[in-house]
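Below is one structure, written out as structure tokens, with a few remarks after it.
On a predicted model such as this, the values are computed, not experimentally measured, just so you know. For the single chain, residues carry numbers from 1 onward in sequence order.
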Amino acid sequence: GKDRSIHVWDIVSGSSLTVLRGHLADVSGLAFARFGTKLASSGKDNTVRLWDLRERRAVSRFKGHQHTLKSFIRPSFGAEENVIFCGSEDGRIVAWDVGSARAP
């Protein structure tokens with residue numbers, strides 16, 4: 001959100017599970033991996049971060065977009081969840097290999 005953090009809630013109990021911090025600007029997009037153990041977040045700091053929700057910490061930081069004033073960065077996991085795709089207003093789509101934290 002605008003406070004640069006991600007609040008994770010238990011939808012059954014309504015209680016807060018954790019707050020994930022690491023982005024240097026507003027968080028603009030989220031994508032959960034299929035089994036719910038990983039989360040990709042994008043922010044106005046032009047980065048995508050990969051979070052391990054079991055460990056409640058960021059495990060990778062991806063940078064590749066430039067000049068995204070409105071930061072319409074939207075992350076999405078590939079079918080095998082080993083790649084994160086992200087597009088933005090800079091007109092580029094970037095793919096990162098989750099294991100190596102590099103563009104494949």
Side-chain angles (χ1 to χ4, degrees):
K2 294 222 178 250
D3 66 352
R4 304 176 188 171
S5 64
I6 301 162
H7 297 260
V8 181
W9 297 87
D10 181 310
I11 61 170
V12 175
S13 69
S15 62
S16 175
L17 297 175
T18 192
V19 177
L20 306 172
R21 291 184 174 86
H23 281 284
L24 303 176
D26 297 350
V27 176
S28 60
L30 298 172
F32 282 93
R34 180 177 35 195
F35 297 110
T37 59
K38 295 178 185 161
L39 173 71
S41 63
S42 58
K44 290 185 178 181
D45 57 0
N46 297 323
T47 67
V48 172
R49 294 172 194 266
L50 177 64
W51 304 88
D52 182 317
L53 294 176
R54 288 179 286 193
E55 295 182 19
R56 299 178 181 188
R57 68 179 186 91
V59 294
S60 296
R61 178 177 154 266
F62 308 99
K63 189 161 175 69
H65 288 283
Q66 304 292 324
H67 312 297
T68 54
L69 298 176
K70 295 179 185 173
S71 281
F72 291 129
I73 299 174
R74 297 291 183 252
S76 178
F77 284 93
E80 300 297 318
E81 297 184 354
N82 57 348
V83 176
I84 296 174
F85 296 95
C86 192
S88 82
E89 67 186 36
D90 65 5
R92 297 177 43 206
I93 296 174
V94 180
W96 288 284
D97 180 285
V98 168
S100 68
R102 293 183 305 183

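Scanning all heavy atoms of the two residues, the minimum distance from Lys44 to Ser28 falls at N-OG, 4.4 Å. Nearest approach of Lys38 to Phe77, heavy atoms of both residues: CB-CZ, 4.2 Å. Residues Ser41 and Ile6 share a closest heavy-atom pair of CB-CD1, 3.5 Å. Here the closest non-hydrogen pair linking Ile84 and Pro75 is CG2-CB, 4.3 Å. Nearest approach of Arg49 to His23, heavy atoms of both residues: NE-ND1, 3.4 Å. In plain terms, the two heavy atoms of Asp10 and Leu17 that are nearest each other are N-CG, 3.8 Å.
For Ser15, the side-chain hydrogen bond (donor to acceptor under 3.5 Å, both in side chains) partners two or more places apart in sequence, or in a different chain, are Ser13. Not counting sequence neighbours, Arg56 has no partner by the side-chain hydrogen bond (donor to acceptor under 3.5 Å, both in side chains) test. Residues passing the side-chain hydrogen bond (donor to acceptor under 3.5 Å, both in side chains) test with Glu80: none are found, sequence neighbours excluded.
Between the side chain of Ser5 and the backbone N or O of Val19, no donor-acceptor pair lies under 3.5 Å.
No single ILVMFWY cluster, assembled from side-chain heavy atoms under 4.5 Å apart, contains both Trp9 and Val27.
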If you apply the rule side chain to side chain contact (heavy atoms under 4.5 Å, CB included), what do you find for Val94 with Val48, and how did you get there? CA-CA 10 Å; Val94 180; Val48 172; over 6 Å; no

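Note that CG of Leu53 is 9.0 Å distant from OG1 of Thr18, once rounded to the nearest 0.5 Å.
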